[in-house]
Amino acid sequence: MAQSGRRDAPELPDFSLLKRLARDQLIYLLEQLPGRKDLFIDADLMSPLDRIANVTTLKQHEVDKLYKVELKPIVSTADQLCFLIRPRIQTVKWISVNLDKAAGRLRRYKIIFTPQKLPEFFRENFLEGDQRWVGAAGGALRLIHSLYGPFSKVYGIGQCAKMVYESWREQVEDGEQKTQQPEIGNVFLIDRDVDFITPLCSQVVYEGLVDDIFRIKCGSVEFGPEVTSSDKSIKVMLNSQDKVFNEIRNEHFSNVFGFLSQKARNLQTAYDKRRGMDIQQMKAFVSEELKGLKQEHRLLSLHIGASECIMKKKTKQDFQELLKTEHSLLEGFEVRECVSFIEEHINRQISMIDSLRLLCLLSLTENGDNCLFALVQSYGIEHLLTFSNLKQMGLLVEQQPGETLTVMESKVGKLVNDKTAGKLTDAFSSLAKKSNFRALSKRLVLIPKSGEEYDLRVPRDMAYIFSGAYVPLSCKLIEQVLERDGWTGLEEITRMLNGHEFAVSADSQRIVLVMFLGGCTYSEISALRFLGRERGYKFIVVTTAITNSGRLLEALLDNHP
Amino acid sequence: MAFVTANWNPLGEAFYRKTELYEMGWNLKDGLRDCLLAAAPYGGPIGKSELTISLFKKIYIHIFITSSCIFLSLQWKSGVVRQLGWTVCDDLLCIQEDGTVLIYDLFGSFKRHFSMGNEVGQSQVVEAKVFHSPYGTGVAIVTGASRFTLATNIDDLKLRRLPEVPGLQGAPTCWAVLTQDRQSKVLVANGGDLFILDYTACTAVNPPGLSPQASSIVHMCVSFSYKYLALFTDSGHVWMGSANLKEKLSEVETKVRNPPKQMAWCRRPKSRQPSVVIMWDRHLLVVGEGKDTISYHLEDDSILVPEMDGVRIINGTNHELLQEVPASCEEIFKIASMAPGALLLEAHKEYEKESQKADEYLREIKEQGLLAEAVRQCVEAAGHEQEAETQKTLLRAASFGKCFLSNFPPELFVIMCRDLRVLNAVRDYTVGIPLTHTQFKQMTVQVLIDRLVYRKLYPLAIEICRYLKTPEYQGVSRVLKHWACCKVQQKEESDEVIARTISLKLGEAAGISYSEIATKAYECGRTELAIKLLEFEPRSGEQVPLLLKMKRSQLALSKAIESGDTDLVYTVVTYLKNEMNRGDFFMTLRNQPVALSLYRQFCKHQEQDTLKDLFNQDDDHQELGNFYVKASYKEKRLEARVAHLQSAVDEYNKAKNEFAAKTTEEEMRLLRFQKKLEEEKGESLVGFSLHDTLRTLLAVGLHKHAEQLYKDFKVPDKRFWWLKLTALAEKEDWEELEKFAKSKKSPIGYLPFVEVCVKHHNKYEAKKYVSRVTPEQKVKAHLAVGDMEGAADAAIERRNEGEISTILSRCSPTTDRALVERLNRAKSTAAKK
């Protein structure tokens, strides 16, 4: 499909370097405890570890047995134990309690702490105000800078982005400088809280959908029996090496089936070539093509299975209405219907996370709602704490009585009903500190004109990732800044986004590194890829975590006793 | 130049030479008689103490540099010193007879002391030895009770009391420390018996092939590398062999039966033969493999200082180096040598004389293809010569030879020139470090710089660093840091002046750690100076530990925050927590939001109660409310739970959060209601949400109670209807459902009734509600029960094109043709409209 893009798009730098670097560092650390040893790994480090080193590598460096850290008593009988963990108090306490419980034994221990970063960043940084994470993000930037830099332009928006930038600058100044051919020219740092709307929307691009439904972990996904149509689960790496996936990852879901069936037909044709071959040709076919075809066949059937599974879940009436509600909220259209849909959604206890998501969307687009009470009735008082978190993050805005209507309606309504002027100014001043989505959306033209047909097969802008209903704010900002070569002309916008924007520059480059602090969604990545194809950029996305509405909200739940 | 070989003496296949290093400038009245003397290897300093103990005479310990310029004299006020020795880092060890070891630095400042064990006390140290190994500086003693105690590394003191030696009474005849198999051991001779003492056992050993005439071993020495051992017997034989006593190298009869005063191995790396230097009062003997020996007369009392490549001989007037002549020097300077190096030297001499013979010599070397070898020999020999003139002659010859070579790598020559320049500088009389080139290479420049710094020879050290282009971090900056650390100790100067001087001098240098200098200042009791110096430290993180130590905790906290290193902030916060009273601690945090949020994070995981106190202090009622809510669901007992929730309500009210207060109040009511019902009906309900409670009640048929809950809690009608509808359908209680539907007008309409029935596969029941569905939803309802006709009628009646299309899309080939046609017609009319 439309992968071609502009011819003058630059080549991406070699990122396998980062993988090699991580592996070498791990080996170096393992070798500091020479001899045979058992290795204990934090459960959430398993997948990342898979990406850099396999069991053979570990065995080569005398790792005997592998255990998952489960906070149970240690059963290993080895004389040397090595722990690969995230720096969490609980885990360290567990290790200290288990140190030589089997008294009288002399054991050697080594604890390897992995850098603090990734999934917890979002909550800890934005909610708890814990700035521990800034240094880690700055460190990551420094590593990329030292390998692929120097950067000629750095743009950013958000308080955390600014701090990360400063932390990085400091680290660079401390270390030695070397000059090399720059591979990455532009860097864009963006805080997640600059744009909460985008990650709250249901994803409809294939990769995003797979993440929403099956949850992609560290670039790989586990397809359960309902996809594999056997009783086994299969783990698949989702990257550009998977040719099938590579072609559909950025596509709107409505195009995926057509593509997959076309692919299946092509595959059949390729298989059919066998007929009428002589022995020699057959031999060549078997040795050269068959393996590739079989591999492709296997992947194709997996993606078809996944798509069917997605279809089953997503073509239900409910999902269509959910999408309709989301789009209406984004457009600020038929808000009353949306509110009653949300109310019903909550009242029927359909899905807690979806309810919260809709509430947040409503709150962000319309500045307020009154369904909180209903949510507590449905899901319990613990959500008071969740609300408190959401409010603190600015995802929920407290509703003043009688403010249910959309901004437009309320303006009109208030004027028509001849309310006192005081109330009117109140309404406006409360808007100022709340989400400015409506105004932003208007200024940045985030909502394409309704009524026009949007051909999802030939997307004309980034809105295609939301079926043509909405251009993601985060990506639009990036586009605008790159286009304008800075924030000039966007002053009003940055004011509404609470500022902290910055731009430091030398000369322009075509490779752009975008760092999302607090996570980004696959849809946003798809949108950036689209933008890259259109404008001849290559985007490298660095993020503290891949997120989606589920993960984002789960991070803010406080309902677990 | 002509006399290079004047001091050479042949022994076996090799030559030995004794070169004067310095004329000693110490004006000793009594020479070296009756004193303790210790000289450090690698041309290190010399310590000397008077031996005689008298009640009236003051006793001094003197420290000299090797050229004998007196460094300082130290009046000794402590106990009787048995032995002096030097550590690897040029500290002086004074081993007293009570087993106490005192450590002084090069400038006679007392550093610390330690004891070689309590048991030494009564029996006293009879003899002590200081030894060096890869593990550091060690001390071994033997007591009057014939017991050995050993410490391998005095910086990581572990005393090892070695096993008893059988039959040993009083002091042994002689002994030595060996380092073998990563362990220090003692080799002891008791008359004719030889024992090896390790940590656990005492093993008798026999040197292979020891002359049978010997009845007692009277002296022994171990080589610098601990690889070789030499024994001197009462029969005047010297036995030389490997230190593990497995191999004999040679045995020589000296014809002297007196026990020697001192004995030392005289070897160099790549030595041609094993050789030992033996010293009696006025007589020095070099013994090798063969019968021949070299004999020297000594004018004065002397001591031998073993080095890795020779032996230094120190006496009252002279300081000499005795060594085997290195191969390259021998090749070049041996009389009538035809070695390529010798020819090259000759060629260069002729060249300087402008004689054509130069060409002849050169040709000769070149014809043999040995010119490169000749250059190499000259360069190497230059390294081994002490005289600058000789060095220059050799290097000039090498340089001359190099001109006729096209591919000769220049490094060898260049590095040697540099090395020699450095060596000549430190060998200077005023510096007095007589390093040989071999020792210098072994020691490395780093260590040499350290030694110079230790002697406070800062300008020379800096010059050397600059000359050798040592990276600033390891070179100049390091020296300057030491200088600054020394500077801050100058009590006579004011803080202002010192700080300014230091910053002026250090300003440009890279990688200076001001915090280290400040630490030094603080250790010397100059806190104000330390703070001044810390201000120069560019990395705020580095300032924190010292600021804490100096109890400038507030400043430390600001600096930690400035550094952006959260671990550091935590360090300071933990420190403050222990140092300050709670109120002050909280106040401090309050002024530092970053630290406060970090501490809050910590409390969230570790100290819930402190968290509460923090919120209390800030009057953060919202957070307090949240805190109580969280606490409530950790409680099992209902009363405790309700009590927590009541506290939460109070806090939320204070926070003017009506919504939260009301919600919490409702929760309390709900809990009580659930508890009551649980007791009455035995249904487990406590902790459920209102919705779940209702569902459970409806599911088990407690409709009245459900109704009551519905009214009491003002549950929205829509929610209640949905709940009841689903509950009844789930129980397939169709009769009750129908009654419910008719009870009053449904707030959720009747489409849900249809859909829920269909979901439970009861189309019959579903159909009952189709007629009551609003016209807008009628088509959907008909379709849900699979009534195409009905759907078509409804859609056509409403003339709704969209709905008609939906029905058409649901039509299959089995659908009645007439119906399809009707729909199509209606569609076209609707479209026209």
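The sequence lines fix the lettering, A, B, ..., with proteins before strands; numbering per chain opens at 1.
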Exercise. Between the side chains of A:Lys391 and B:Gln622, is a donor N or O closer than 3.5 angstrom to an acceptor N or O?
Worked result: no

Exercise. Out of curiosity, A:Leu384 CG to B:Thr663 OG1, how far, rounded to the nearest 0.5 Å?
Worked result: 5.0 Å

For this session: Run the numbers on A:Glu343 and B:Arg719 for salt bridge (charged side-chain N to carboxylate O under 4.0 Å, His left out), then give the verdict.
Result: CA-CA 9 Å; A:Glu343 264 172 10; B:Arg719 181 191 288 274; over 6 Å; no

Exercise. When only pairs under 4.5 Å are counted, which of B:Lys604, B:Lys662, B:Lys718, B:Arg600 shares the most heavy-atom pairs with chain A?
Worked result: B:Lys604

For this session: Check whether any side-chain heavy atom of A:Tyr379 sits under 4.5 Å from a side-chain heavy atom of B:Asp692, and report yes or no.
Result: no

Exercise. Looking at residues at least two apart in the chain, or sitting in another chain, which of them share a side-chain hydrogen bond (donor to acceptor under 3.5 Å, both in side chains) with B:Lys675?
Worked result: none

Seminar exercise, completed: Closest non-hydrogen atoms of A:Asn347 and B:His691, given as atom of the first, atom of the second and distance, are O-CE1, 2.7 Å

For this session: Mind listing the closest non-hydrogen atom pair of A:Gln349 and B:Ser689 along with its distance?
Result: NE2-OG, 4.2 Å

Problem set entry | Part of B:Phe688 within contact of chain A (heavy atom distance under 4.5 Å) | neither

Problem set entry | Heavy-atom pair count under 4.5 Å with chain A, highest-scoring of B:Ile748, B:Thr664, B:Leu723 | B:Thr664

Exercise. Which bit of A:Gln90 comes within less than 4.5 Å of chain B, counting heavy atoms only: side chain, backbone, both or neither?
Worked result: neither

Exercise. With a 4.5 Å heavy-atom cut-off, do A:Arg348 and B:Thr726 have their side chains touching?
Worked result: no

Exercise. Rounded to the nearest 0.5 Å, how far apart are OG of B:Ser597 and CG of A:Asn125?
Worked result: 9.5 Å

For this session: With rounding to the nearest 0.5 Å, note down the distance linking CD in B:Gln606 to CD1 in A:Ile89.
Result: 4.0 Å

Exercise. If you measure from CD on B:Glu623 to CD on A:Gln392, what distance do you get to the nearest 0.5 Å?
Worked result: 6.0 Å

Problem set entry | B:Trp722 vs A:Glu344 side-chain heavy atoms within contact, under 4.5 Å | yes

